[in-house]
Structure formats: C-alpha cells, structure tokens
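Worksheet: the structure to be examined is printed underneath.
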Amino acid sequence: MRLRARGNTGFKNRVLDVVAEIPQGETRTYRQVAELAGSPDAYRAVGNIMKGNRNPNVPCHRVVKSSGEVGGYNAGGPRRKREILKSEGVLLA
DNA sequence: CGTATGACGTGCA
DNA sequence: GTGCACGCCATAC
C-alpha cells in the first residue's frame, strides 16, 4: 500500500489510513496528516473527510490543528475531543 | 459538469 | 492578543 500517487481519489482512504496509524498518546496536525496522505496542502480536505468519516478505527480525535488547538469534533463537540486526548495522556496546549 | 462546503493555515489590520 | 479575509485541496450534492 502506500503507492497511489497524487491524482488518485484514494486520498480519503489514505487519510483514514494515516490517522488510523497514529499511536495513542500522540497527536498529528491536519497538515501532517495531509502530507502523509500525499497532499501537504490538502489539510482542508482532511478536516472535511474526518467530518464525514465515522469510522471507529480512525481516531480522528488525535488530529489537531497546527496552532496547537484541538480543532473541532463531530461526535460530542470539541470539548469531548479535548477530554479524550487528555484521557490518552496527551498534553494539551 | 459546476457549485457549494469545510473538524484548516497563514497573513494582515 | 483579537478579529477578519484570502487561499488551498478534496468531497458531496
């Protein structure tokens, strides 16, 4: 895996895969996820995908903004996301 | 096929 | 430190 070069619509699938590989206790910025997914400038699409994504295998709550903010969350609101991160042992800004 | 939307990022006032 | 505006990519309708 990991072949699909840019241009393939597999971006979404890639983002989910990358996020699913994020170790517990660690956080990645939308920028990093987009870059690992193959499009360092598609952080916009990343957030959009996470929003529409509902996969429990994808710890989207581990994806935060580059500013250090947790960003947003769909299942419970940003407040819930922050709580989860704290529960994982993540030091929030 | 074209338009609208977005869980972002950066810059400037 | 805060607020507003623009730009970027991909998805969904």
Side-chain angles (χ1 to χ4, degrees):
Chain A
M1 314 22 160
R2 259 177 245 299
L3 229 64
R4 266 148 227 198
R6 267 187 342 148
N8 199 314
T9 45
F11 182 72
K12 183 178 153 203
N13 197 317
R14 238 169 264 153
V15 172
L16 297 173
D17 186 43
V18 172
V19 176
E21 288 192 59
I22 299 176
Q24 180 199 32
E26 295 289 317
T27 54
R28 287 282 176 140
T29 66
Y30 291 92
R31 240 295 188 103
Q32 285 288 323
V33 175
E35 188 173 7
L36 294 170
S39 293
D41 287 310
Y43 39 74
R44 276 277 202 161
V46 173
N48 232 349
I49 290 158
M50 305 302 240
K51 179 184 151 198
N53 162 34
R54 275 257 217 162
N55 202 311
N57 291 52
V58 182
C60 25
H61 62 258
R62 283 186 198 151
V63 186
V64 297
K65 294 186 46 164
S66 66
S67 317
E69 297 288 305
V70 300
Y73 206 52
N74 177 337
R79 207 214 78 103
R80 180 75 186 249
K81 184 170 168 178
R82 234 161 110 179
E83 204 174 296
I84 295 167
L85 289 170
K86 189 177 172 196
S87 189
E88 298 256 317
V90 178
L91 218 56
L92 340 145

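Each chain gets a letter, A, B and so on, in the order its sequence line appears, and its residues count up from 1. On a predicted model such as this, the values are computed, not experimentally measured, just so you know.
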Item to check | Tyr73(A) side chain, from C-beta outward: closest of dG9(B), dA10(C), dA7(B) | outcome: dA7(B)
Item to check | Sub-4.5 Å side-chain heavy-atom contact between Val90(A) and Arg62(A) | outcome: no
Checklist entry - Are Val19(A) and Asn55(A) close enough, and set up right, to give a side chain to side chain contact (heavy atoms under 4.5 Å, CB included), and what steps lead you there? => result CA-CA 11 Å; Val19(A) 176; Asn55(A) 202 311; over 6 Å; no
Item to check | Rounded interatomic separation in angstrom, taking NZ from Lys12(A) and P from dA7(B) | outcome: 16 Å
Checklist entry - Which part of the nucleic acid, if any, lies within contact of Ala45(A), taking any heavy atom under 4.0 Å across all strands shown: a base, the sugar-phosphate backbone alone, or nothing? => result base
Item to check | Sorted by number, the residues of residues 26-34 of chain A with heavy-atom contact under 4.0 Å to DNA chain B | outcome: Tyr30(A), Arg31(A)
Item to check | Residue pair Leu85(A) / Val64(A), side-chain heavy-atom distance below 4.5 Å | outcome: yes
Checklist entry - Over how many whole Å does the gap from Leu16(A) atom CG to dT11(C) atom P extend? => result 11 Å
Next on the checklist: Just the rounded figure in Å: distance from P of dG7(C) to CG of Asp41(A).
Outcome noted: 15 Å
Checklist entry - For Ser39(A) and dC9(C), is the shortest distance between a side-chain N/O and OP1 or OP2 below 4.0 Å? => result no
Checklist outcome for this item: By side-chain hydrogen bond (donor to acceptor under 3.5 Å, both in side chains), Arg79(A) pairs with (sequence neighbours left out) Glu83(A)
Next on the checklist: Using whole Å, what does the distance between atom C1' of nucleotide dT11(C) and atom CG of Asn13(A) come to?
Outcome noted: 14 Å
Item to check | Interatomic distance, Arg14(A) CZ vs dT11(C) P [rounded to whole Å] | outcome: 11 Å
Next on the checklist: Please compare Val64(A) and Ala42(A) by the position of their nearest nucleotide in DNA chain B and report the one closer to 5'.
Outcome noted: Ala42(A)
Item to check | Between dT5(B) (C1') and Ile49(A) (CD1): distance, integer Å | outcome: 13 Å
Item to check | Whole-Å distance separating the NZ atom of Lys51(A) from the C1' atom of dA10(C) | outcome: 14 Å
Checklist entry - Starting at CD of Glu35(A) and ending at C1' of dC8(C), how long is that distance when rounded to a whole Å? => result 15 Å
Checklist entry - Out of Arg28(A), Gln32(A), His61(A), which residue meets the side chain to side chain contact (heavy atoms under 4.5 Å, CB included) rule with Ile22(A)? => result Arg28(A)
Checklist outcome for this item: Sorted by chain and number, sequence neighbours left out, side-chain hydrogen bond (donor to acceptor under 3.5 Å, both in side chains) with Tyr30(A) holds for Lys81(A)
Next on the checklist: Both Val46(A) and Tyr43(A) contact DNA chain C. Which one's nearest nucleotide lies toward the 5' end?
Outcome noted: Tyr43(A)
Item to check | Sugar-phosphate only, base, or nothing, as touched by Lys65(A) at under 4.0 Å among non-hydrogen atoms | outcome: sugar-phosphate
Item to check | Min side-chain heavy-atom separation Ile49(A)-Phe11(A) under 4.5 Å | outcome: yes
